[in-house]
Engineer: 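Let me give you the structure first, and then I'll get to my questions.
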Amino acid sequence: MTKDDSKEWDSLIKWLEEKHPGFERNLSLRDVPGLERGLVTSKKLKKGDILFHIPSSCMLNPLTLLPNSPIPSHLFPQTVSKSVPTSSLTPVQKKPRIGNPPRKLDTTQLLTLHLALTKDPKGRYKSDWQVYIDSLPITFRPWHPLTWIVSPFDKAQKEEWVWWNHLYTIGLSESTKMKVQDVKNRFEKDYEVLCEVLKEEEPFKSQGLDGIISKEDILWAWLNVNTRSISIPLGLPGPSERNNHTLVPLMDFINHSSNESLITPKVKQLPTPSSSRTRKPSVTTKTSTNGLPSPPLPSKTNGHTDANIGLRNSAVLLPNKIDFQLSCPDRGLDANDEVLFEYGGHSSSTLFAEYGFCENLSLVDGVNADEQTNSWLDMKYGEVDLTSYINELWDQQDQEDKEEKRQVLEDIGCWGGNTLHAQPSPCHPSHSLLMTIRLLHLPTSSPKLSNISKGLITYISPQNETSTLLTLEGICKSVIKEATKRDKVLEKLLKEEKNHEKIGVIGMLRAMRDEEKVICGEVLTRLEKGDDFQ
Ligand SMILES: C[S@@+](CC[C@H](N)C(=O)[O-])C[C@H]1O[C@@H](n2cnc3c(N)ncnc32)[C@H](O)[C@@H]1O
């Protein structure tokens with residue numbers, strides 16, 4: 001962030017205190033130049049003390065937006081449950097697209113549109129959440145990797161963008177590039193839908209908003225939604241990761257950590273007190289097997305944060321009537337301790353592609369090589385994704401063979417998980433990766449495929465196992481070789497660089513290179529020792 005954020009923060013707190021009964025906090029903004037903006041405790045706190053209480057009324061999602069939104073209500077995603085209160089059901093109005101089903105936006109698209117509309121230069125779309133919106137990052141250029149592959153419209157920004165685009169080409173592993181491309185595909189699809197909405201739906205059509213709200217506005221809005229929203233059951237139909245999430249003022253100032261000794265909150269979802277409306281399980285929202293409300297979504301959530309929330313209430317909470325409360329962990333907290341939570345079980349490359357940062361740092365002063373290596377081996381979600389290497393092997397297979405084997409891998413839930421993991425220690429290939437390489441070495445139409453697909457066998461033959469481990473060894477060596485090559489280029493770039501932001505990002509890319517080298521190096525050592533990878 002490039003501005004002093006204290007003014008926006010003060011306005012946000014005032015807005016929450018004045019307009020949202022129930023709001024409470026013992027947290028303050030940490031806005032120190034050179035440090036990531038985050039939340040710290042305002043005073044010493046003991047076990048169970050409230051860090052903050054966020055009322056549902058201030059959250060930004062389709063249910064809270066609907067009553068007063070200038071966005072036509074027929075575009076809102078619809079709740080499925082009949083027992084959700086009528087006030088939160090989307091009244092289905094006119095169906096503007098003759099011959100086509102009525103257009104509906106999902107939550108990601110709707111929130112993106114809501115934020116982007118606030119960029120209308122004529123100010124026709126002032127939001128009830130404007131104070132909150134003013135506290136959001138003003139731009140994601142240049143630090144978010146999605147912006148490295150979406151060219152800016154503004155000519156003045158183009159020259160600078162070329163540097164970042166080049167960094168994308170030379171500085172990222174193929175698997176990280178695949179993840180950033182995946183983010184880009186999601187963005188471009190949503191962008192296309194929103195362009196159609198601005199072009200074809202009233203009142204946007206008459207106002208010519210299609211030519212006024214720029215791609216840059218939509219990119220800014222989309223990245224805010226994708227890096228800051230929290231998964232929460234809203235009672236909206238699937239796909240849940242596209243629909244059941246919300247922007248939560250203040251909570252979205254919390255940074256991520258996967259280090260359990262640093263993770264702060266005990267997060268609770270509570271019924272909004274003024275309504276005190278909870279329901280008996282079974283009638284309303286999707287319930288999990290224990291009768292509790294569905295917890296926030298599993299970790300890979302298209303960029304939405306899973307706040308690792310433990311639910312404590314025995315009754316099912318109404319969507320739109322769920323407050324968030326964070327309380328102090330058992331160990332207590334000193335004044336000015338940073339509050340952190342885990343965004344989900346994400347690897348470094350996923351965190352980087354989705355959120356634009358990497359947790360562990362490379363080349364930290366005062367940290368020796370062994371400590372550096374161990375810091376990667378201890379990472380809860382330390383991972384190397386080998387998909388790009390495995391894809392090359394698939395490309396060498398005959399199409400029919402490939403399809404048959406893919407089906408078998410899907411049957412046993414092993415399609416696509418081509419990863420090495422640091423934890424649980426020692427470093428190891430995932431079962432999916434081993435099964436994939438085993439099948440790649442299986443002759444076409446092998447009679448063994450049927451038993452593998454039924455889950456009856458996993459080990460194929462000594463010969464197949466030897467080939468599998470040799471392939472794994474070859475891939476690990478290639479990863480290390482490519483990471484070393486990439487690093488030479490990054491090192492050269494670093495020597496020439498004076499800009500702090502660029503130096504910081506190059507540091508992250510070098511950190512991800514270290515992770516690849518350390519994890520692949522450990523797997524190679526284990527292969528040389530003849531360790532068993534069952
Ligand atoms: C939900 S916001 C957290 C608040 C954010 N720092 C801000 O200034 O508003 C998520 C963003 O915070 C940053 N972030 C979160 N955790 C981080 C970490 N451990 N290290 C560096 N940046 C982090 C990333 O830029 C990410 O996209």
Side-chain angles (χ1 to χ4, degrees), residues 1-9 12-13 27-40 52 54 59-60 111 115 132-148 179-180 183 187 219-232 245-265 267 296 301-308 324 326 337-362 364 375 379-381 500-501 503-505 507-509 511-512:
M1 218 136 305
T2 51
K3 62 183 171 97
D4 168 13
D5 292 294
S6 54
K7 203 168 115 258
E8 282 75 18
W9 169 264
L12 177 63
I13 296 298
L27 299 177
S28 309
L29 175 70
R30 183 196 59 193
D31 190 19
V32 178
L35 274 187
E36 183 63 32
R37 193 172 73 153
L39 290 187
V40 293
F52 62 47
I54 310 283
M59 296 179 197
L60 185 48
L111 293 183
L115 295 186
Y132 164 62
I133 293 170
D134 290 341
S135 77
L136 298 175
I138 42 175
T139 178
F140 289 80
R141 288 194 192 275
W143 57 270
H144 195 289
L146 172 60
T147 67
W148 305 354
K179 290 181 183 180
V180 181
V183 176
F187 167 69
L219 179 68
W220 164 81
W222 192 88
L223 276 170
N224 268 308
V225 175
N226 277 271
T227 59
R228 304 181 79 85
S229 59
I230 307 266
S231 303
I232 180 175
H245 57 95
T246 182
L247 284 163
V248 186
L250 224 64
M251 189 134 171
D252 67 343
F253 276 79
I254 299 183
N255 289 321
H256 161 95
S257 175
S258 63
N259 181 339
E260 274 163 27
S261 67
L262 297 178
I263 295 173
T264 317
V267 188
T301 55
N302 279 345
H304 310 309
T305 297
D306 172 355
N308 209 359
F324 273 112
L326 256 76
D337 275 354
E338 181 168 13
V339 170
L340 299 157
F341 66 66
E342 191 178 275
Y343 288 1
H346 299 312
S347 66
S348 307
S349 57
T350 299
L351 282 175
F352 184 73
E354 299 283 348
Y355 299 96
F357 74 94
C358 160
E359 219 182 329
N360 209 357
L361 288 182
S362 174
V364 180
S375 76
M379 284 287 280
K380 191 168 161 195
Y381 304 111
H500 283 299
E501 194 162 31
I503 291 172
V505 173
M508 286 186 210
L509 302 188
M512 288 192 281

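Computed from a predicted model, the values in this text were never measured in an experiment. When a ligand or atom number is given, it counts from 1 through the structure's own listing order.
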Engineer: Hey, does the side chain of His346 reach the backbone of Leu351 with a donor-acceptor pair shorter than 3.5 angstrom?
Structural biologist: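 Side chain of His346 to backbone of Leu351, a donor-acceptor pair under 3.5 Å: no, none is there.
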
Engineer: Only heavy atoms count here, so choose which of Glu359, Glu36, Arg30 is nearest to atom 5 (C) of ligand 1.
Structural biologist: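 Checking each option, the heavy atom nearest atom 5 (C) of ligand 1 is found in Glu36.
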
Engineer: If you take the nearest heavy atom of each of Leu35, Leu351, Asn255, which one is closest to atom 12 (O) of ligand 1?
Structural biologist: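 Result: the heavy atom closest to atom 12 (O) of ligand 1 is in Asn255.
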
Engineer: To the nearest 0.5 Å, how far apart are OG in Ser348 and CZ in Phe357?
Structural biologist: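 It is 9.5 Å, given to the nearest 0.5 Å.
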
Engineer: Can you list the atoms of ligand 1 that are under 4.0 Å from a heavy atom of Phe253?
Structural biologist: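 Answer for ligand 1: 3 (C), 4 (C).
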
Engineer: For residues His245 and Val225, determine if any side-chain heavy atom of one lies less than 4.5 Å from a side-chain heavy atom of the other.
Structural biologist: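 A side-chain contact exists here, since the closest heavy-atom pair is under 4.5 Å.
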
Engineer: State the OH-CG distance between Tyr355 and Asn255, to the nearest 0.5 angstrom.
Structural biologist: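 Answer rounded to 0.5 Å: 12.0 Å.
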
Engineer: Identify which of Met508, Arg228, Glu354, Arg37 has a heavy atom lying nearest to atom 8 (O) of ligand 1.
Structural biologist: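 Among Met508, Arg228, Glu354, Arg37, the closest heavy atom to atom 8 (O) of ligand 1 belongs to Arg37.
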
Engineer: Looking at Thr227, which atoms of ligand 1 are within less than 4.0 Å of one of its heavy atoms?
Structural biologist: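 Counting from 1, the qualifying ligand atoms are 1 (C), 10 (C), 27 (O).
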
Engineer: Nearest heavy atom to atom 10 (C) of ligand 1: which of Tyr343, Phe357, Phe352 does it belong to?
Structural biologist: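 The option holding the nearest heavy atom is Tyr343.
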
Engineer: Would you please test Ser349 and Lys179 for side chain to side chain donor-acceptor pair (under 3.5 Å) and show each step?
Structural biologist: CA-CA 8 Å; Ser349 57; Lys179 290 181 183 180; 3.0 Å; yes

Engineer: With heavy-atom distances below 4.0 Å as the criterion, list the atoms of ligand 1 near Asp252.
Structural biologist: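 Counting from 1, the qualifying ligand atoms are 1 (C), 2 (S), 3 (C), 4 (C).
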
Engineer: Select one of side chain, backbone, both or neither to describe which atoms of Ile254 lie under 4.0 Å from any atom of ligand 1, heavy atoms only.
Structural biologist: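 Under 4.0 Å from ligand 1, Ile254 contributes backbone atoms alone.
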
Engineer: Is any N or O atom of Trp143, backbone or side chain, closer than 3.5 Å to an N or O atom of ligand 1?
Structural biologist: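 In this structure, Trp143 places no N or O atom under 3.5 Å from an N or O of ligand 1.
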
Engineer: Is there a donor-acceptor contact under 3.5 Å from the side chain of Arg30 to the main chain of Val40?
Structural biologist: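 Checking the backbone N and O of Val40 against the side chain of Arg30, no donor-acceptor pair under 3.5 Å is found.
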
Engineer: Quick one: are Phe140 and Leu219 in side-chain contact, heavy atoms under 4.5 Å?
Structural biologist: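 Phe140 does not reach Leu219 side chain to side chain.
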
